[in-house]
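Side-chain atoms are counted along with the backbone in the values below, which use heavy atoms only and exclude waters and symmetry mates. Chain letters run A, B, ... following the sequence lines, proteins first and then strands; every chain starts at 1.
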Number of protein chains: 2
Amino acid sequence: MAAKTDGSGPVIPAAIESAWGLRERPPKGPRPGMSVPAIVDAAVRVADADGLAAVSMSRVAKELGAATMALYRYVGSKDELLMLMVDTGYGPSPGPPAPEDDWRAGLTRWAWAEHKVLRQRSWLLHVPISGPPITPQQLGWMEDGLRCLDGTTLGEGEKMSVLLLITGYVRNEATLTSQIAEGSRAAGVDPSEMMPAYGRLVARLIDPARFPALHRVLSAGVLYQDDDPDDEFVFGLDRILDGVEALIQRRAG
Amino acid sequence: MAAKTDGSGPVIPAAIESAWGLRERPPKGPRPGMSVPAIVDAAVRVADADGLAAVSMSRVAKELGAATMALYRYVGSKDELLMLMVDTGYGPSPGPPAPEDDWRAGLTRWAWAEHKVLRQRSWLLHVPISGPPITPQQLGWMEDGLRCLDGTTLGEGEKMSVLLLITGYVRNEATLTSQIAEGSRAAGVDPSEMMPAYGRLVARLIDPARFPALHRVLSAGVLYQDDDPDDEFVFGLDRILDGVEALIQRRAG
DNA sequence: CTAGTTCTGCGTATGGTCTACGCATAACAG
DNA sequence: CTGTTATGCGTAGACCATACGCAGAACTAG
């Protein structure tokens, strides 16, 4: 009931420990008929096909031809399963930066790699994350990001903050574009018509006297055009990297 | 079934229309015993007290002394209720920037205002947002943000992108700190012990040979200290604003 | 004043969720 | 061979959102 505070350190979910390869199978009892990776793979398959909302314990069990409750011998709860799904959903990190890359090129590639994963598996954005990363591959991503900043003048804490900033930006951008995509699918509208429709809606709702600046944006036609989402992504990323560059130069000078 | 595409424009949920003050009550039939604002207020009260997970239709109805199904006469679905909760949860926008503020001071205040709201009502972060903002107060926030950039050299589209960038950052930062808070409450650990515990955990899991950069961060003691979350917030915000400043100067020069 | 219409309140019921618990059985240790 | 321990999984409980339909209230038209 109380938090475990013995010498072993903080509590970790059992399935996470086994993801790190710690933990041996007890020698007694019947052989397990399934495995944690098989369950996680099945869950990822379901999420890829029908979205995160379709991932229920019974659905995953059906995918494996097993009974619902059988899964609970392998994962402690649905939340634990979700955590493992995130780990394998992201996949292996893109690897350390190429030797010829400076920090900016490295981080750009790093950000694009996450961007690409999130565009393909937008369900990752819907998983309620419940804490800082502790799974092997997630820490692998972090490691690769840190290496991009290796030669810079930044302190270790600053490096970490920069990565947090960038990964947060990537997630956020992906969330926005996936919402547009999902919204258009739900409304049965062509995705390229989504932003124009939004612009018309806002134009119909707002009073130009009360919302002058917004009205000006609408008049400029900004919301009506269906931009390339990648352009929007590049814009924000470049702003952030410009800000980081300013810091690096201040530290150097 | 198909999307409505008549002259009235895109479909909007009934309760949103009434939030904008459009829509008259039909003259016939019994007087409504409740009102949409009363329901939304009750739901916000529940979320404030017990978190978003506690907001179920039956719980909100109980709060009002009404029957569960009675609510569906006022809101079309739970999702619609959530959208309205977000609108009133954010509250009125902070107002236009002070005349003596330049764009940077204005946006800083704007960002802090959202930061403050999200710190007080962290359940706002858990509401699955399903599209671009269309409620009155949300567009009010947008309007105020745009006004901060009024005198700058940026194009209308760029202004919008900058706001998206900042609001995304604020949400992201708030998400991270609220996760730490919620995680520590769930584990029954003192919040100030949370990051140190995380640092120890990572140190126990990773192999320094496989994760050298991460190991260096740990050795620097970065994860062990319990930073002031506001410092972290300021760091990221300053980076972003530096990036925006670089753009503004490029456009000006 | 009456009849018709339309809206409200809400009870019932359906189908979904996660998961606590306990039992039968299988596999190993001694 | 016996005891111990793990597995597979059925049952059941406690929630959840919400579709549907009915009783009755409040208005309008005649």
Side-chain angles (χ1 to χ4, degrees), chain A residues 1 13-15 17-18 23-40 42-43 46-47 50-85 123 126-128 130 186, chain B residues 1 13-15 17-18 23-40 42-43 46-47 50-85 123 126-128 130 186:
Chain A
M1 175 153 302
E17 268 196 332
S18 71
R23 200 181 193 74
E24 67 294 2
R25 204 184 82 78
K28 289 198 190 178
R31 289 282 156 73
M34 291 183 276
S35 72
V36 176
I39 292 173
V40 176
V46 171
D50 296 337
L52 190 68
V55 178
S56 69
M57 296 307 263
S58 51
R59 173 72 190 277
V60 174
K62 195 172 297 174
E63 193 79 6
L64 290 164
T68 304
M69 291 312 291
L71 302 186
Y72 282 95
R73 289 282 173 196
Y74 298 86
V75 294
S77 66
K78 187 183 180 180
D79 284 343
E80 208 174 293
L81 174 58
L82 288 175
M83 196 186 280
L84 295 170
M85 286 176 68
W123 55 264
H126 296 322
V127 179
S130 53
Chain B
M1 174 151 299
E17 270 197 330
S18 71
R23 200 180 191 76
E24 66 295 2
R25 202 183 82 77
K28 290 199 189 176
R31 288 283 156 71
M34 292 184 276
S35 71
V36 175
I39 292 173
V40 176
V46 171
D50 297 335
L52 190 68
V55 178
S56 69
M57 295 307 262
S58 52
R59 173 74 190 277
V60 174
K62 197 173 293 172
E63 193 79 8
L64 290 164
T68 305
M69 289 312 291
L71 302 186
Y72 283 95
R73 289 283 172 195
Y74 299 85
V75 294
S77 68
K78 188 183 181 183
D79 284 342
E80 208 174 292
L81 175 57
L82 288 175
M83 194 185 279
L84 295 170
M85 286 176 67
W123 54 265
H126 296 321
V127 179
S130 52

With the criterion being N/O to N/O and under 3.5 Å, what pairs connect the protein with nucleotides 24-29 of chain D, and how long is each?
unit_1	atom_1	unit_2	atom_2	d
D:dC27	OP1	B:R31	NH2	2.7

Whole Å only: how far is the [atom1] atom of [X] from the [atom2] atom of [N]?
{"X": "B:M34", "N": "C:dC10", "atom1": "CE", "atom2": "P", "value": "7 Å"}
{"X": "A:L71", "N": "C:dA20", "atom1": "CG", "atom2": "P", "value": "14 Å"}
{"X": "A:R73", "N": "C:dT25", "atom1": "CZ", "atom2": "P", "value": "15 Å"}

request  = Report the residues that fulfil side-chain hydrogen bond (donor to acceptor under 3.5 Å, both in side chains) with B:S56, sequence neighbours left out, ordered by chain and then residue number.
outcome  =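 B:S56: side-chain hydrogen bond (donor to acceptor under 3.5 Å, both in side chains) contacts with B:S58.
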ask   = Is there a side-chain contact (heavy atoms from CB on, under 4.5 Å) between B:L84 and B:I39 once you walk through the steps?
value = CA-CA 10 Å; B:L84 295 170; B:I39 292 173; over 6 Å; no
key: Side chain to side chain, B:H126 and A:P128, heavy atoms closer than 4.5 Å   =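 Result no, sub-4.5 Å side-chain heavy-atom pair not found.
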message = Contact between B:R73 and B:P32 at the side-chain level, heavy atoms closer than 4.5 Å - yes or no?
response = no
key: Sequence-distant partners of B:E80, salt bridge (charged side-chain N to carboxylate O under 4.0 Å, His left out), two or more places apart   = none
task = Only counting residues at least two apart or in another chain, list the ones meeting salt bridge (charged side-chain N to carboxylate O under 4.0 Å, His left out) with B:D79.
result = none
inquiry  = If the condition is side chain to side chain contact (heavy atoms under 4.5 Å, CB included), which residues does B:A54 pass it with, not counting sequence neighbours?
reply    = B:V46, B:D50, B:R59
query = Which letters describe nucleotides 10-19 of chain D, given B = protein heavy atom under 4.0 Å from base, S = only from sugar-phosphate, - = neither?
reply = BB----SSBB
query = Hey, mind stepping through B:L52 and B:L82 against side-chain contact (heavy atoms from CB on, under 4.5 Å) and telling me if it holds?
reply = CA-CA 9 Å; B:L52 190 68; B:L82 288 175; 3.9 Å; yes
